[in-house]
Amino acid sequence: MEILRTVDELRAWSRAAHKSDKTVGLVPTMGALHQGHASLIRAAAASCGATAVTVFVNPTQFGPNEDFARYPRTFDADCTLAQAQGADVTFAPAVDEIYPEGAATFVEVEDIGDRLDGVSRPKHFRGVSTVVAKLFIATEADLAFFGQKDAAQVAILRRMTTDLRLATKIVVCPIVREPDGLALSSRNVYLTSSQRIQALALCRAIGVAESLVGHGQRTAAILMEAAHAVFGAEPAIRVDYISVVDWSTLLPVETAAPGTLFAVAAWVGNTRLIDNTILS
Ligand code: PAF
């Protein structure tokens, strides 16, 4: 598997693949790859003739007091995993390749980018949409693969691709969980063993909401109250949000129709985790 460092190399690779009539698949990541990423790469390799994984810890999506500096960087292991799952190239640029000196151009998805995680992480989604737009423009990928775990990110990127009339189609792959239910995240490595147990409250809260809906309860306030009760039993966890929203606008709904996003974010110690479900 080839490692590309410049946007020109990535563009040339993608153009050559398109010229040979291959479907180009893109899996944008920040590295520290786990089995959730592996499932995205497998999905890309299964449906595309040429698959690029990108590994770039994007500074513009981190706030000043967030974990950019300590975000796990495991490049060699990432390359091994990406290759084993069928990636053809890994694109791993330096920061100034993505943000040339004096960079002043950003992609901002207004309103929706200020909802859910955008409330406590101002400018986070601006950073995400900017880097993803750059990758979509460079590759003109046919398909780009994202995990449902970042459901708000998916909503924002869908809005962005529609608004900018980008040709890349977004494919959303299911959340991958540990056997005990914890959603896989590169940030799980920050958790101590006791925090790892406390963190299960996130998937428990999701499970309680799903079970209530399964029993016919669709009132958003009741679903949120039940999730709050789950977190109430874990005083070491600080809830950021529990939201029942329309998945395309991220606006709150009163009644959870099928397809509604039930999402939670919470601090376990210094680690902020997210989880969600699309209610049936
Ligand atoms: O989901 C992520 O890992 C990042 O937000 C992404 C899409 C790779 C952009 O940096």
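Atoms within each ligand, like the ligands themselves, are counted from 1 in listed order. Throughout, numbering of the chain's residues begins at 1 and tracks the sequence.
In this pair, Y71 and F62 present their aromatic rings perpendicular. The plane angle is above 60°, beyond the 30 to 60° band.
Backbone and side-chain nitrogen or oxygen atoms of Q61 are examined, and one is located within less than 3.5 angstrom of a nitrogen or oxygen of ligand 1. Looking at Q153 next to ligand 1, an N or O pair under 3.5 Å apart turns up.
Relative to the six-membered ring of Y190, R70 meets both conditions, a distance below 6.0 Å and an angle of at most 45° to the axis. Geometrically, R73 engages F68 in a cation-pi contact, judged by NZ or CZ lying under 6.0 Å from the ring centre and within 45° of the ring axis.
Smallest separation of non-hydrogen atoms from A265 and D117: CB-OD1, 4.5 Å.
Contact atoms of ligand 1 toward D150: 1 (O) (distance under 4.0 Å to a heavy atom of the residue). Against a heavy-atom cut-off of under 4.0 Å, V131 is close to the following atoms of ligand 1: 9 (C), 10 (O). Those atoms of ligand 1 that come under 4.0 Å of a heavy atom in T29, given as number and element, are 8 (C). Shown in contact with P28 at under 4.0 Å from a heavy atom are these atoms of ligand 1, numbered in order with element: 8 (C).
Between the side chain of R5 and the backbone N or O of A92 there is at least one donor-acceptor pair closer than 3.5 Å.
Q85 pairs in a side-chain hydrogen bond (donor to acceptor under 3.5 Å, both in side chains) with only one of the listed residues (R42, H37, Q35), which is R42.
With a 4.0 Å heavy-atom cut-off, ligand 1 is reached by no atom of T54.
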